[in-house]
K.L.:
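Can you read through this structure? Questions will come right after.
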Amino acid sequence: MNKEKLFISLLAVSIPVIALLPLPDFWIVQLNYIGLYALVCLGLVLLTGVGGLTSFGQAAFVGIGAYTTAWLTLNTGISPWITLFIGLGLTAISALVIGTITLRMSGHYLPLATIAWGLSLYYLMGNLDELGKYDGLLGLKSLSLGSVDIGQGRMFFVLTWAILITSAIALINLLDSRAGRAIRSLKAGSLMAEAMGINTFRYKVTIFLIAALFASVAGWLMAHFQRTVNPSAFGLKMGIEYLFMAVIGGVGYVWGAFVGAGLIKLLDDYLQVALPALIGTSGSYEVIVFGIAMVLVLKYLPNGIWSLVANKLPRPPRKIDWHDAKPLSTRTKPALGELVLKVEKIRKQFGGLTAVNDISFDIHAGQIVGLIGPNGAGKSTTFNLITGVMPKTTGQVFYRGQDISAAPSRVIARQGMARTFQHVKMLNDMTVLENVALGAYTRGHCDVISSMLRTNKNEEQRFMKEAQQQLERIGMGQYLHELAGNLAMGPQRLMEIARALCCDPALLLLDEPAAGLRHKEKQELIKILRQLKNEGMSILLVEHDMDLVMNVCDHLVVMEFGTLLTQGTPSEIQASPAVRAAYLGMEH
Ligand code: ADP
Ligand code: MG
């Protein structure tokens, strides 16, 4: 994030310089519009680029901000500095209502819902007498501070860009925080995020809300700058255009919002003049060009124009400034031998198939328990029933004496049961350190606002220190600043273990940690598992690799066709004729 801070400082310094330069007024007007559009796009970077939620409805939120201030200042004489906050309040209410209804929808339903929402608000604005129907409201006052008019020209330029740059800084701060890592994890699917203790739905609503608020501020500014509002500026066409800007600029980057807004605004003006002249009749031909441009960008430059720049920039390693940070608080661990997990007759039926048939076993503190069985035996399903990923048909699970049978995975994680995944789930474009810090999510408190204001510095340092220590604990200290996406399979799996350890677990659940590992890496893994056990950790291991299982486990639970075949110590299991029969021809 360092380079982004550098860019933003450069930009902040250049704003007063640009304002003082003898530029033609028309240029300043262009820059004003670019600033307003970029503010809306900034919301889309967070919502769509980072959070993976596509919205065509941002223009409608711009409209709420604009119409609120227009109607109130014209009809009640309330100061625009107050109507700004009333507009934000109305926007927040609508965003929360719409978000709560639509954000549970998956796939294409959300974009469709935002289209419906954009359209309905457009027709509402266009049909209300009170709002001037399609003519809109005219004669707004330009913004003033005391007796100084700051609503036009250079003063407005400074105001708009100051708001824009402040918002960009807040967003950069947010993305580099506990809440930001949670938001970035939304794209990797809710399964992983929830297993880290993150309430994914709440974060979806939060980023929807933030994006709407950015748009609303832009609408407030726009209304007083243009001194008139009418529905066409806030309709679906404009909603699509905002998304165009963000995607073409690079929707995954804060700077993509600036580049996209600038490029589309300038191109739009140019094409509106050039195309009709070229074709010989008037019309909105620029929309066609944008459509083609969008398709080409999506095909050849899917991460937008800024990705060209971003990939070229050096990525300086994060400064390690957390040496002196206080360690995160830890939970009291069970005493050696204490009952940690009690699985009691859990059952899962998929239609007619009983995938898990009344399985019971215990795990005591300091034990490594292996759950083994041929393919399709029901191991992963058992794992998912224990971790709260899917509901049980019947049966109960007790964790440290507490009934967690009906708890969702994020609640279970919060209580100190951490897991890894059979198929590694990580964020490729985050560093190893950040990926691992995600695991400590439940051990912090700093929210979105303190992240934006950077009052979370203390906690952040404690997170980073924890992540570094957990990586060093499993021998991955040399990978801190590597992008996770660059890791080979072995280190990826170890990174997941470090991430789980960051949650300060009393029970660690590992789903096939040796899958895809080379011989040497397996030996390394065995060493790490033994070391964790010696430190008092309890582990449930689902594993195919018999060598590894026999080597590290204290107790084995063998499943076949969903039922418990037998359980016992590794030597008992190896000697069991039933197990030999079940595995005959399957294991080397
Ligand atoms: P293992 O991990 O031991 O290989 P699983 O727990 O993945 O076995 O699967 C056990 C059985 O349950 C298999 O027959 C599998 O096809 C079935 N199964 C697993 N998940 C589902 C599901 N979501 N819907 C229907 N059947 C499933
Ligand atoms: Mg499995």
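Start at 1 and go down the list; that is how both ligands and their atoms are numbered. Here the structure is a predicted model, which means the values were calculated and not measured.
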K.L.:
Say whether Gly378, considering both its backbone and side-chain N or O atoms, lies within less than 3.5 Å of an N or O atom on ligand 1.
P.N.:
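N/O-N/O distance below 3.5 Å exists for this pair.
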K.L.:
Would you sort out whether Phe383 and Phe421 count as a ring-ring contact (aromatic ring centres under 6.0 Å, His included), showing the intermediate values?
P.N.:
CA-CA 10 Å; Phe383 198 94; Phe421 294 88; 8.3 Å; no
K.L.:
May I ask you to identify the nearest protein heavy atom to atom 13 (C) of ligand 1, giving residue, atom name and distance to one decimal place in Å?
P.N.:
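Ranking protein heavy atoms by distance from atom 13 (C) of ligand 1, first comes Gly376 O, 3.9 Å.
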K.L.:
Tell me, yes or no, whether the heavy-atom count around Ile449 atom CD1, taken from other residues, nucleotides or ligands under 6.0 Å, exceeds 12.
P.N.:
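Open.
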K.L.:
Any salt bridge linking Asp511 with Lys379? Criterion: basic side-chain nitrogen under 4.0 Å from a carboxylate oxygen.
P.N.:
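Here Asp511 does not pair with Lys379 in a salt bridge, since their nearest N and O are not under 4.0 Å apart.
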K.L.:
Numbering the atoms of ligand 1 from 1, which are under 4.0 Å from a heavy atom of Asn375?
P.N.:
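Atoms satisfying the 4.0 Å criterion: 4 (O).
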K.L.:
Nearest protein heavy-atom contact for atom 24 (N) of ligand 1: which residue, which atom, what distance?
P.N.:
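I find the closest protein heavy atom is Phe350 CD2, 3.4 Å.
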K.L.:
Give me the residue, atom name and distance of the protein heavy atom closest to atom 7 (O) of ligand 1.
P.N.:
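Its nearest protein heavy-atom neighbour is Ser380 CB, 3.8 Å.
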K.L.:
Classify the angle between the aromatic ring planes of Phe61 and Trp117 as parallel (below 30°), tilted (30 to 60°) or perpendicular (above 60°).
P.N.:
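Tilted: the ring planes of Phe61 and Trp117 meet at 30° to 60°.
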K.L.:
Using only heavy-atom distances, determine whether the side chains of Ser538 and Gln367 contain a donor-acceptor pair under 3.5 Å.
P.N.:
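Note: Ser538 and Gln367 side chains miss the donor-acceptor criterion.
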K.L.:
Can you tell which of Glu512, Lys379, Gln422 gets a heavy atom nearest to atom 3 (O) of ligand 1?
P.N.:
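When every heavy atom of Glu512, Lys379, Gln422 is considered, Lys379 comes closest to atom 3 (O) of ligand 1.
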K.L.:
What is the nearest protein non-hydrogen atom to atom 14 (O) of ligand 1, stated with its residue, atom name and distance?
P.N.:
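Result for atom 14 (O) of ligand 1: Leu353 CD2, 3.8 Å.
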K.L.:
Is atom 9 (O) of ligand 1 less than 4.0 angstrom from at least one protein heavy atom?
P.N.:
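It does: a protein heavy atom is found less than 4.0 Å away from atom 9 (O) of ligand 1.
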K.L.:
For Arg331, does the CZ atom have more than 12 heavy-atom neighbours from other residues, nucleotides or ligands under 6.0 Å away?
P.N.:
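Correct, the count exceeds 12.
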K.L.:
Met390 versus ligand 1: do any nitrogen or oxygen atoms come within less than 3.5 Å of each other?
P.N.:
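No; the residue has no nitrogen or oxygen that sits under 3.5 Å from a nitrogen or oxygen of the ligand.
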K.L.:
Within ligand 1, which atoms have a heavy atom of Ala355 less than 4.0 Å away?
P.N.:
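That gives atoms 11 (C), 12 (O) of ligand 1.
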K.L.:
Show which atoms of ligand 1 fall inside a sub-4.0 Å distance from at least one heavy-atom site of Ala377.
P.N.:
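Counting from 1, the qualifying ligand atoms are 1 (P), 3 (O), 8 (O).
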K.L.:
Cation over ring, Arg443 on Phe463, under 6.0 Å and within 45°?
P.N.:
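Verdict for Phe463: no cation-pi partner in Arg443.
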K.L.:
Charged N to carboxylate O under 4.0 angstrom, Glu434 versus Arg184?
P.N.:
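Salt bridge flag = yes for Arg184 with Glu434.
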K.L.:
Using a distance threshold of 2.8 Å, what protein N/O/S atoms lie below it relative to the Mg ion (ligand 2)?
P.N.:
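Metal shell, protein only: Ser380 OG.
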K.L.:
What part of Val542, side chain, backbone, both or neither, has a heavy atom within less than 4.0 angstrom of ligand 1?
P.N.:
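Neither part.
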K.L.:
Does any N or O atom in Thr381 lie less than 3.5 angstrom from one in ligand 1, N or O only?
P.N.:
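N/O-N/O distance below 3.5 Å exists for this pair.
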K.L.:
Answer yes if the side chains of Ser177 and Ser451 hold a donor-acceptor pair under 3.5 Å, and no otherwise.
P.N.:
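There is such a pair (donor and acceptor under 3.5 Å, judged by atom type) between the side chains of Ser177 and Ser451.
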K.L.:
Give the minimum heavy-atom separation between Leu47 and Ala211, together with the two atoms involved.
P.N.:
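Result for this residue pair: CB-CB, 4.1 Å.
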K.L.:
Is the number of heavy atoms from other residues, nucleotides or ligands within 6.0 Å of CZ (Phe561) greater than 12?
P.N.:
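Counting neighbours around CZ of Phe561, 12 or fewer heavy atoms of other residues, nucleotides or ligands fall under 6.0 Å, so no.
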K.L.:
Is there a donor-acceptor pair closer than 3.5 Å between any side-chain N or O of Lys465 and the backbone N or O of Ala325?
P.N.:
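Pair found, side chain donor or acceptor close to backbone of Ala325.
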